[in-house]
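Note that the coordinates shown come from a computational prediction; the quantities given were computed from them, not determined experimentally.
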Amino acid sequence: MAASGTAASFAIALHGGAGVISRKCVNDPVRYLRELGAIVAAARDLALSGTATAADVAERAVALLEDCELFNAGKGAVFTHEGTHEMEASIMDGRTGRAGCSSMLSTPRHPISVARLVMNKTSHVLLAGPSAEALAAREGLEIMKPSWFDTNARRAQLEHAIKECRVVQDHCTYAAEELKSYPLHSDVLSGSGADLPRLAEASAEGVIAKDSYGGGGNTVGCVVMLGGDVAAATSTGGRTNKMSGRIGDSPIIGAGTFARNSTCAVSGTGNGEDFQRQCVAHDISALMEYKGLDVESACKTAVSKLPDNCGGVIAVDAIGHLVMVFNSKGMFRAACNSDGLCCVGIWHQLWQY
């Protein structure tokens with residue numbers, strides 16, 4: 001159970017986006033991997049504290065991802081066509097079944113914490129725009145000027161996307177690569193991961209050379225199992241050059257986020273329209289509940305139904321089986337557990353952190 005005062009078994013996975021993650025853009029992959037490793041380690045430390053719930057850990061991990069400008073959430077969120085930010089997030093507690101979502105945000109530093117407020121402080125599931133921002137301010141969340149979320153890299157992406165008259169999923173998407181198909185990739189994690197190569201001994205060239213494929217982050221998310229309870233959280237800035245008012249899957253329970261103790265916790269990343277059409281996160285849970293699939297098989301089944309190069313999911317069940325699946329070129333990801341596992345990856349290779 002949560003917040004017991006003693007350390008419990010745990011398993012945590014997080015992602016920083018999936019899609020056309022090209023080596024043309026990730027010129028320092030070790031930096032991305034180290035950021036992911038530091039964030040998953042911070043989540044691990046909170047889980048070990050004995051004072052946190054699964055939802056606490058998921059919220060904290062996503063808030064840290066929102067503060068890292070490498071990823072498309074919070075600081076470093078992409079721009080709409082109008083040159084503004086419209087951020088969104090969701091969180092779900094698998095023990096209680098409660099959920100909270102926020103959308104159309106431009107000033108709260110941590111959209112995921114706004115979603116948590118909706119879950120804990122209101123009778124609603126989704127709040128958007130001025131009402132959500134007023135709730136955040138009233139409850140004392142940190143409020144920033146909209147320009148605080150800007151980065152030069154995201155501005156350049158917007159200019160490039162407008163020039164090409166395209167709405168793009170990743171901060172560095174090449175049209176020719178979007179048309180390619182990539183085989184389904186699945187990481188199924190248990191044990192300590194002692195057989196993985198060590199990131200501390202890798203160079204940028206080594207990371208690229210080690211992988212079977214060869215950006216920047218898209219949606220971010222985290223799934224947690226802590227003492228048998230699961231939770232999921234997801235946050236994003238959306239898609240570069242999107243229409244103002246567009247809402248993706250990240251703040252939609254059952255599409256980009258879902259958690260239920262009897263099945264699993266799921267956070268998705270990729271083309272939000274496809275995740276909404278197929279209710280991917282809930283589909284994974286339903287495949288486990290009604291068809292009796294394990295979490296790996298359920299994730300593979302759901303992701304295999306998505307269009308080629310669409311994205312991926314991370315998931316964990318109530319006994320700590322971690323799965324990270326994607327049908328795209330890569331997915332920024334990290335995982336850790338109470339057996340000593342702590343790993344990170346971008347393309348197919350995982351590294352010890």
Looking at [X] and [Y], what are the two nearest heavy atoms and their distance?
X: Ala136; Y: Val114; answer: CB-CG2, 3.9 Å
X: Ala265; Y: Ala231; answer: CB-O, 3.3 Å
X: Gly256; Y: Ala281; answer: C-CB, 4.0 Å
X: Gly16; Y: Val220; answer: CA-CG1, 4.0 Å
X: Ser328; Y: Ala18; answer: OG-CB, 3.7 Å
X: Gly238; Y: Asn72; answer: O-ND2, 2.8 Å

Please check if any side-chain donor atom of [X] sits under 3.5 Å from a side-chain acceptor atom of [Y], or the reverse.
X: Asp150; Y: Ser147; value: no
X: Asn261; Y: Asp229; value: yes
X: Thr107; Y: Glu133; value: yes
X: Ser338; Y: Ser9; value: no

Are the side chain of [X] and the backbone N or O of [Y] linked by a donor-acceptor pair below 3.5 Å?
X: Asn337; Y: Asp339; value: yes
X: Arg333; Y: Trp347; value: yes
X: Asn271; Y: Gly311; value: no
X: Gln278; Y: Lys305; value: yes
X: Arg154; Y: Gly76; value: yes
X: Lys242; Y: Gly237; value: yes

Atom pair [atom1]/[atom2] of [X] and [Y] - distance to nearest 0.5 Å:
X: Glu66; Y: Phe149; atom1: CD; atom2: CZ; value: 8.5 Å
X: Ile253; Y: Thr234; atom1: CD1; atom2: OG1; value: 8.0 Å
X: Arg239; Y: Thr80; atom1: CZ; atom2: OG1; value: 14.0 Å
X: His110; Y: Ser235; atom1: NE2; atom2: OG; value: 9.0 Å
X: Thr301; Y: Leu184; atom1: OG1; atom2: CG; value: 9.5 Å
X: Phe326; Y: Cys310; atom1: CZ; atom2: SG; value: 13.5 Å

Heavy-atom count check: over 12 atoms from other residues, nucleotides or ligands less than 6.0 Å from Met243 CE? no

Does a sphere of radius 6.0 Å around NZ in Lys121 hold more than 12 heavy atoms from other residues, nucleotides or ligands, not counting ones at 6.0 Å or beyond? no

I'd like to know if [Y] and [X] are part of one continuous hydrophobic network [Ile/Leu/Val/Met/Phe/Trp/Tyr, side-chain heavy atoms within less than 4.5 Å].
X: Ile314; Y: Phe258; answer: no
X: Phe275; Y: Ile252; answer: no
X: Leu64; Y: Val57; answer: yes
X: Leu287; Y: Val323; answer: no
X: Leu306; Y: Val266; answer: yes

Sequence-distant partners of Ser244, side-chain hydrogen bond (donor to acceptor under 3.5 Å, both in side chains), two or more places apart: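 Ser244 satisfies side-chain hydrogen bond (donor to acceptor under 3.5 Å, both in side chains) with Glu86 only.
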
What residues, two or more places apart in sequence or in another chain, satisfy side-chain hydrogen bond (donor to acceptor under 3.5 Å, both in side chains) together with His81?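 If we apply the side-chain hydrogen bond (donor to acceptor under 3.5 Å, both in side chains) test to His81, skipping adjacent residues, the hits are Asn241.
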
Do we get Lys75 above Trp148's six-membered ring, with its NZ or CZ under 6.0 Å from the centre and within 45° of the axis?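 Flagged: Lys75 positioned over aromatic ring of Trp148.
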
Could you walk me through whether Thr257 and Ser90 pass the side-chain hydrogen bond (donor to acceptor under 3.5 Å, both in side chains) test, one step at a time? CA-CA 7 Å; Thr257 303; Ser90 63; 2.7 Å; yes

Paired with His160, the side-chain hydrogen bond (donor to acceptor under 3.5 Å, both in side chains) test is passed by just one of Lys163, Glu164, Gln157, namely Glu164

Which residue pairs pass the salt bridge (Lys or Arg N to Asp or Glu O under 4.0 Å) test when at least one of the two sits in residues 103-120, sequence neighbours left out? Asp56-Arg116, Glu59-Arg116, Asp67-Arg109, Arg109-Glu142

Output all residues satisfying ring pair (Phe, Tyr, Trp, His ring centres under 6.0 Å) with Phe79, sequence neighbours left out; order by chain, then residue number.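 With neighbours one apart ignored, the set is His85.
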
Not counting sequence neighbours, which residues clear salt bridge (charged side-chain N to carboxylate O under 4.0 Å, His left out) with Glu296? List them please.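 So Glu296 forms a salt bridge (charged side-chain N to carboxylate O under 4.0 Å, His left out) with Lys300.
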
For Glu289, which residues count as a salt bridge (charged side-chain N to carboxylate O under 4.0 Å, His left out) partner, sequence neighbours excluded? Arg260

Quick one: sort the His185 and His348 rings into parallel, tilted or perpendicular, breaks at 30° and 60°.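 The arrangement is parallel - the two ring planes meet at less than 30°.
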
For the pair Leu226 and Thr53, evaluate side chain to side chain contact (heavy atoms under 4.5 Å, CB included) and give the outcome as yes or no after the intermediate values. CA-CA 7 Å; Leu226 179 58; Thr53 66; 5.6 Å; no

Show your working on side chain to side chain contact (heavy atoms under 4.5 Å, CB included) between Trp351 and Val30 and close with a plain yes or no. CA-CA 10 Å; Trp351 301 80; Val30 174; over 6 Å; no

